[in-house]
Amino acid sequence: MLEVLVVGGGPAGMMAAGQCDPRRARVTLMEKNEKLGKKLLITGKGRCNFSNDAPLEQFIANMPGNGPFLFSALNAFSSRDLQDFFRLRGVAVKRERGGRLFPESDRSSDILTALEGFLKEKGVALRFRQRAQKILLEEGRAAGVLTEAGKVYRADRVILAVGGASYPGTGSTGDGYSLAGEAGHTILSPRPGLVPLRVAEGWVRDLQGLALKNAELSFKAPGGAVEGEFGELLFTHFGLSGPIVLSLSRRMLGQREGLTLQLNLKPALAEETLLKRVQRDLDKNSRKQYQNCLEGLLPKKLIPVVVSLSGIDPDKQAAHINREERLALTRLLQNLPLTFRGFRPLAEAIVTVGGVSVKEVNPKTMESKKVPGLYLCGEVLDVDGYTGGYNLQTAFSTGYVAGKRAAEA
Ligand SMILES: Cc1cc2nc3c(=O)[nH]c(=O)nc-3n(C[C@H](O)[C@H](O)[C@H](O)COP(=O)(O)OP(=O)(O)OC[C@H]3O[C@@H](n4cnc5c(N)ncnc54)[C@H](O)[C@@H]3O)c2cc1C
């Protein structure tokens with residue numbers, strides 16, 4: 001019998017532990033928290049967007065952090081396989097916009113319960129409040145783990161599934177980088193991915209709490225290409241958050257402060273159409289002051305901001321606003337400039353960009369090319385995706401492969 005030790009009880013570690021063939025391996029899962037899947041529970045705002053049903057090529061294209069490394073793992077355990085896995089364990093699955101997959105119940109706890117049941121069914125031994133501090137090596141092979149409390153866990157195979165370094169309160173405190181680094185792995189510097197943005201403009205803070213459902217945020221990359229995201233955006237006390245901001249932040253990785261972002265409040269309308277719409281609203285309210293004419297166009301909170309930025313006298317009677325001013329207002333609505341002041345810290349990121357170099361991991365087995373007997377899976381690896389279920393599917397697929405292969409003789 002092989003002894004397999006899985007370090008980390010997140011989605012990658014749970015899947016890996018359960019996939020080890022119990023006829024070949026005795027499996028122990030060690031977790032430093034007092035329970036499994038703390039981060040999993042808060043995913044998708046507690047609804048757990050556990051996968052995305054995009055076809056393989058498209059899936060990979062949505063993994064800006066080393067997507068091609070995942071071809072084998074996603075082939076071995078696809079989104080369809082993961083859906084079947086959960087259905088088989090009593091979790092009904094639903095599909096939402098953009099191929100996002102959720103438990104029908106909208107409860108991440110159903111996903112966790114299914115995984116816990118899987119571990120029980122496979123006889124995995126769980127050890128809580130055990131924090132791995134060092135991977136033990138013997139003749140260059142992984143031979144177990146030393147915990148922070150000084151306890152030694154011996155094993156023939158070690159699967160490292162300790163996650164990244166974002167949301168440290170969930171247990172993902174970046175331990176994997178020192179554990180794998182000391183064992184001889186190259187670590188690409190961890191940076192925030194899918195993270196809120198700080199912007200300079202004071203008026204943004206005044207709008208704190210306001211969500212826009214159909215906005216477009218874009219920036220002009222130094223190469224000249226405009227990159228943008230369309231959907232929901234949230235104003236916060238420091239700047240911008242919400243789904244499109246998180247996704248755009250990944251595209252902005254490496255961009256410097258001072259860059260101008262463009263916010264389009266009316267992205268669905270061509271300029272000419274919006275101009276007519278503005279004119280119609282002003283005509284309808286021709287006797288009112290300009291500042292009281294925009295309620296049909298904008299959420300209440302945004303009106304004073306747009307009025308002030310437009311430079312048109314707020315008290316001016318609507319009927320007296322000329323074509324030039326209408327055009328300027330239309331352009332402002334579709335091109336509100338914002339100054340990028342940097343990213344929020346890694347602790348607030350949805351994923352960690354960087355981690356263990358995938359060049360040193362066999363993509364077919366998830367075994368380390370540096371340390372035989374050591375397997376790595378999930379976010380500890382230098383892989384990351386956009387929002388939409390790509391990151392959890394990656395954790396499950398790489399965990400699946402690591403578990404299956406680690407337990408082979
Ligand atoms: C707020 C939020 C929402 C998200 N929503 C989504 C979503 O809807 N869809 C999606 O696809 N992705 C989402 N993600 C990303 C996704 O949660 C992660 O990519 C995924 O959890 C990574 O899985 P993992 O198993 O590799 O690591 P983790 O889930 O981070 O699990 C690692 C585990 O290892 C344990 N551990 C760490 N160090 C040690 C140690 N030294 N010894 C023992 N145990 C240790 C930790 O306590 C933790 O339990 C979200 C992330 C956040 C923060």
Side-chain angles (χ1 to χ4, degrees), residues 5-17 28-52 59 62-63 65 79 82 96 98-103 106 108 111-112 115 126-135 145-149 151 153 158-180 192-196 241 243 246 346-353 355-356 366 376-381 383-400 402:
L5 178 65
V6 181
V7 187
M14 287 188 274
M15 185 55 82
T28 304
L29 191 165
M30 88 164 35
E31 163 56 54
K32 79 173 185 206
N33 288 330
E34 66 298 342
K35 58 182 184 188
L36 298 168
K38 264 196 171 175
K39 184 176 276 182
L40 182 66
L41 281 178
I42 61 165
T43 58
K45 296 194 175 128
R47 298 202 302 129
C48 189
N49 174 200
F50 68 85
S51 181
N52 191 292
F59 191 109
N62 277 292
M63 296 292 302
S79 170
L82 184 59
E96 292 191 2
R100 292 165 154 85
L101 299 168
F102 294 85
D106 282 332
S108 54
I111 295 287
L112 180 57
L115 288 162
L126 302 177
R127 300 286 177 264
F128 292 108
R129 298 187 182 85
Q130 303 293 311
R131 182 178 193 173
Q133 194 169 51
K134 192 179 170 61
I135 296 171
V145 152
L146 173 70
T147 70
E148 191 178 41
K151 189 170 163 141
Y153 282 82
V158 174
I159 302 179
L160 196 61
V162 290
S166 69
Y167 276 65
T170 61
S172 323
T173 46
D175 292 7
Y177 310 136
S178 51
L179 288 163
L194 308 179
V195 72
S241 190
L246 300 181
L346 181 54
E348 292 175 31
I350 300 294
V351 281
T352 307
V353 177
V356 177
M366 296 298 144
L376 302 106
C377 54
E379 208 179 305
V380 71
L381 292 167
V383 289
D384 66 275
Y386 291 123
T387 57
Y390 302 101
N391 289 298
L392 280 171
Q393 176 69 48
T394 294
F396 287 123
S397 292
T398 54
Y400 174 93

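When a ligand or atom number is given, it counts from 1 through the structure's own listing order. If you're wondering where the values come from, they're calculated on a predicted model, not measured in any experiment.
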Within this structure, what is the CZ-CG distance for the pair Phe50 and Leu392, rounded to the nearest 0.5 Å? 9.5 Å

So which heavy atom in the protein is nearest atom 23 (O) of ligand 1, and how far is it from that ligand atom? Pro11 CG, 3.4 Å

Nearest non-hydrogen protein atom, atom 19 (O) of ligand 1: Glu379 OE1, 2.6 Å

Would you say Ser172 and ligand 1 have an N/O pair spaced under 3.5 Å apart? yes

Glu31 side, atom CD; Leu36 side, atom CG - distance, nearest 0.5 Å: 6.5 Å

Give the residue and atom name of whichever protein heavy atom lies nearest to atom 15 (C) of ligand 1, and the separation in Å to one decimal. Ile350 O, 3.8 Å

Just to check, does Thr173 reach to within less than 4.0 Å of ligand 1 when the distance is taken from its heavy atoms? no

Can you pull out the closest protein heavy atom to atom 45 (C) of ligand 1? Residue, atom name and distance to 0.1 Å, please. Val162 CG1, 3.7 Å

protein heavy-atom neighbour closest to atom 34 (O) of ligand 1 works out as Gly8 CA, 3.3 Å

For atom 9 (N) of ligand 1, closest protein heavy-atom neighbour: Asn49 O, 2.9 Å

For atom 47 (O) of ligand 1, the closest protein heavy atom turns out to be Glu31 OE2, 2.6 Å

Residue, atom name and distance, where the atom is the protein heavy atom closest to atom 6 (C) of ligand 1: Thr43 CB, 3.5 Å

Approximate separation, where rounding is to 0.5 Å, of Leu115 CG and Met15 CE: 6.0 Å

Any side-chain to backbone donor/acceptor pair from Asn391 onto Gly385? Under 3.5 Å, distance only. yes

Does any N or O atom in Tyr167 lie less than 3.5 angstrom from one in ligand 1, N or O only? no

Test your reading of the structure: does Phe50 have an N or O sitting under 3.5 Å from an N or O of ligand 1? no

